[in-house]
Amino acid sequence: MKIATFNINGIRARAEALPRWLRAAEPDVVCLQEIKCVDEGFPREIFEDMGYRVETHGQKGFNGVAILSKHPLEDVTRGLPGDDGDEQARWIEATVCGPRVVRVCGLYLPNGNPAPGPKYDYKLAWMARMEARVRALLTSEEPVLFLGDYNVIPQAEDAAKPEAWTEDALFLPQSRAAFRRILHLGLTEAVRTRAPRPGLYTFWDYQANSWERGNGIRIDHVLMSPQAADLLEETGIDKEVRAGDKPSDHVPVWVRLAA
DNA sequence: ATGGCTTGGGAACCAAGA
C-alpha cells in the first residue's frame, strides 16, 4: 500500500498536474496540503472519477487539507485538538481500511515567519498541540502515519544552503527541537531512515530559479508509529514533478507499506 | 534582497508563502 503527501499549493491551480502525477504514481492514499478552497469548492469529481474517495477540511483562500483514498475511509476527524479558537484548517485524520488498517494524519504545519512574532508563537504552540495528539494516538499501538508539510528543515543537510536559513522559522533551533520532541516520542522518519543522505529536497521556491539551481529544502515528511514503521518497505521523493507543467513548489513524498 | 514567483481574492493590488 502506497501512501503519499503532497503540498499542491492550490487545488484548482493543480487540476492538471495532480491527476497527471496520480496516474503515474498510483498511490493508494494521498494527503494534500494547501488546497486553498472551502469544502464545496474542491473539484472532487476529478478524483472520484479516478477511483478516489475524497475527504476535505477546507478554508477560504488559505491553508486547507484533504485526503484522497482508493480504500474506504472511516472515522474522519478535522482539526488539531487543543485550541477550540483555532480557525486554520491544517489537520485531518482518517482510518484507511485497505490491505492494512492504518490511521493517517495529514498535516500542514504553520510556516511561522517572521520569527520572533505572533506567527512564530502560533507555530510553536501548534507543534506542542501536535505533540500531545501524537502522544495520544501512540497509545493505540496501531499503525499510525503523520504525513505532511512540516515547514521544518530538520538538519543542515536538508537544505542546499543551510546558511541562508539560520534566522528562518523553518530552521530555528526552537523549531527543530520541537520537531525532535515529536519524533522522539517514538516515531520513525521514513526518508531519513531508508535514504539517509544529503541532497534530498521536497521544496524549491518559485523565485530566483531555485529549481534550476538545485536550491531546495526538505520540509515534507512522513513520520510513523512503531507499528507502521514495522511495515515500511520503501520510500520516495518524486522530484521530477517539480519540472512538469505548472508545478507546485513542493513535490510528493511517499512510503510503501507491506501489503 | 527590504523576496526576484505563484496563488486566491476579487476586481487594482494585496497577503501569504518559505
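Chain A is the first sequence line, chain B the second, and so forth, proteins listed ahead of strands; every chain is numbered from 1. Quick note: numbers below take in every heavy atom, side chains included, and nothing from hydrogens, waters or symmetry partners.
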Please report, rounded to the nearest Å, how far the P atom of B/dT2 is from the CD atom of A/Glu167. 12 Å
Interatomic distance where NZ belongs to A/Lys246 and C1' belongs to B/dT6 [whole Å]: 8 Å
According to side-chain contact (heavy atoms from CB on, under 4.5 Å), who are the partners of A/Arg12, at least two apart in sequence or on a separate chain? A/Cys37
Within this structure, what is the OH-CG distance for the pair A/Tyr122 and A/Asp86, rounded to the nearest 0.5 Å? 3.5 Å
Rounded to the nearest Å, what distance is computed from the CD atom of residue A/Glu212 to the C1' atom of nucleotide B/dC5? 12 Å
Does A/Glu93 come within less than 4.0 Å of A/Arg103, counting only side-chain N to carboxylate O? yes
Given DNA chain B, 5'-ward residue of the pair A/Arg213 and A/Ile11, judged by closest heavy atom: A/Arg213
Rounded to the Å, how far apart are A/Glu163 CD and B/dA1 C1'? 15 Å
Mind telling me whether A/His221 and A/Phe179 have parallel, tilted or perpendicular rings, with 30° and 60° as the class edges? tilted
Just to confirm, is there a sub-4.0 Å distance from OP1 or OP2 of B/dG9 to any side-chain nitrogen or oxygen of A/Arg12? yes
Would you mind building the protein contact string for nucleotides 10-18 of chain B? One character per nucleotide, 5' to 3', B for base within reach (heavy atoms under 4.0 Å), S for sugar-phosphate only, - for untouched. S-----SSB
Phosphate OP1/OP2 of B/dT6 contacted by A/Arg14 side-chain N/O (<4.0 Å): no
Nearest-Å distance once atom C1' is located in both B/dG17 and B/dG4: 15 Å
Relative to the ring of A/Phe146, is the ring of A/Trp91 parallel (under 30°), tilted (30 to 60°) or perpendicular (over 60°)? tilted
Say we look at B/dG10 and B/dA15: how far apart would their C1' atoms be, to the nearest angstrom? 13 Å
How is A/Ala13 classified with respect to the nucleic acid when contacts are heavy atoms under 4.0 Å: base, sugar-phosphate, or nothing? sugar-phosphate
C1' spacing across the pair B/dA1 / B/dA12, given as an integer number of angstrom: 26 Å
Sidechain N-carboxylate O distance under 4.0 Å for A/Arg192, A/Glu157: yes
Are the charged groups of A/Lys70 and A/Glu26 less than 4.0 angstrom apart, N to O? no
Roughly how far apart, to the nearest Å, are B/dC14 and B/dG3 at atom C1'? 15 Å
